[in-house]
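Taking it in order: structure first as structure tokens, then the write-up.
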Amino acid sequence: MAETNTRPPLYIRIHAADNVAIVANDGGLKAGATFADGLVLVDNVPQGHKVALADLAEGDAIVRYNVVIGYAQKALPRGSWVHERVMRMPTAPELDGLPIATVKPPALPPLEGYTFEGYRNADGSVGSRNILAITQTVQCVAGVTEFAVQRIKAELLPKFPNVDDVVALEHSYGCGVAIDAPDAIVPIRTLRNISLNPNFGGEVMVVSLGCEKLQPERLLPPGTIPIADQRGENTAADAALDVVCLQDDAHVGFMSMIDSVMRQAEVHLARLNARRRETVPASELVVGVQCGGSDAFSGVTANPAVGFATDLLVRAGATVMFSETTEVRDGIDQLTSRASSPEVAEAMIREMAWYDAYLQKGRVDRSANTTPGNKKGGLSNIVEKAMGSIVKSGSAPISGVLSPGEKVRQKGLIYAATPASDFICGTLQLAAGINLHIFTTGRGTPYGLAEVPVIKVATRSDLARRWHDLMDVNAGRIADGDASIEDVGWELFRLMLDVASGKKKTWAEHWKLHNALVLFNPAPVT
Ligand code: CA
């Protein structure tokens, strides 16, 4: 700490056209601090907050990332602290007349020869972990399932050393909901597709109550679960769905239910235990990236490094998805222009329009996104936050769009439309079929998932030092001048291969820090 505090005053300007920059120094800087170019602070400015690089008159555009992030509400002389209370937010870009697939990014050279050790599934997907997941049709069965899972972990799991874990897919859906409402498809397909996540090896088992609205055959209709024939090819034949129904007449007493769950679990555990990791190309990675607890460094250090790694993944032929609709809404023109085809751009606009209407129904707009912590970290509004968030997508063409809860079926860079809520975004990316999750944070969050490894990237060295046993990568070294964006991007890429191979565990896995599955249910409850 002492070393960094004595560093000379330093600001970080993202683009030559920007008229504000952020203060890089730990602890911020006092009025009077003088930068190398002669700029003198006229206010105290906290770390990550903006300083005016030029005299701004009332009404002048405030530019960061070469984008107007706001307008000055009063005169702001050069050296002033530029924060959310002296800025007016711009309106969101119109969804009409956007540039459609206008940018043809030069094809990135293929990246060959990178592999990891994964579990090959019957449907061709590859798991990074070997987990028994117990699907539930309804929240009513959560307590019984959890009781059974504890017994399975204590009594059965030690007999199957190749199985990493047993996870109950607990959720709040299944009954008391308007299940025939059009938007109910979102939570239903989310649960269905999570059950089919590559880390569960196709071993789907379901615990049902019996009287719930979401009946097992509605959740997982015949033909949904791929099974391999003897040549290892996917036949999509109808495997009988394995359901333990608690209201079944055969169950007399609680222990009868627990015995049923454990008996069925043992069948699946035996099959999972027989699986072995094999060497597969890096193109089998399916990576979801998101951020949470962001600060002004997110868009300077961690997210650009993730963007560089995103490009590496695309070059390696992998699938990588970015999400968080309210955090890309203000940069929609950058995304539609990067779409690989007009259809992809139109799909992106459709998702934005749907979300605008969804927010409007609740009488808010995308500005409801930012948190007190974001603002304390220097992010004045959603426009500034979005510009820092969007860089996670790197520079490749966007080749596909998923609606919330849909499963990915192609390689390349995908926009998976989700709310920005960390838990909901993570849940929807699990449904999309990720086998690895990258999470950047500036304020700090101990986020983790039981289903898929989460690699956490700190935006600042101060956070990485204090949370040394929670953060997996320190991108703050970029702001310190100790590493480049490329260095950290490559470090992250190589760490992904090691974590996917099971050679390394993330801190969230080490401590078993797991957030709940949180479904996105835009439909009414009853
Ligand atoms: Ca988020």
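We count ligands from 1, going down the list as the structure has it; atoms in each ligand are counted the same way.
Here the shortest heavy-atom pairing between Leu285 and Ala500 reads CD2-CB, 3.7 Å.
Ion pair Arg466/Asp462 flagged as a salt bridge, since at least one NZ, NE, NH1 or NH2 atom sits closer than 4.0 Å to an Asp/Glu carboxylate oxygen. Looking at Glu284 and Lys411, a side-chain N of the basic residue comes within less than 4.0 Å of a carboxylate O on the acidic one, giving a salt bridge.
Taking the six-membered ring where tryptophan is involved, the planes of Trp507 and His510 are perpendicular, since the angle between them exceeds 60° and thus also 30°.
Rounded to 10 degrees, the O-metal-OE2 angle spanning Ala420 and Glu324 at the Ca ion (ligand 1) equals 100°. Here the Ca ion (ligand 1) is the vertex; the OE1 atom in Gln290 and the O atom in Cys291 give an angle of 90° (to 10°).
With respect to the Ca ion (ligand 1), Asp422 has OD1 as its nearest N, O or S atom.
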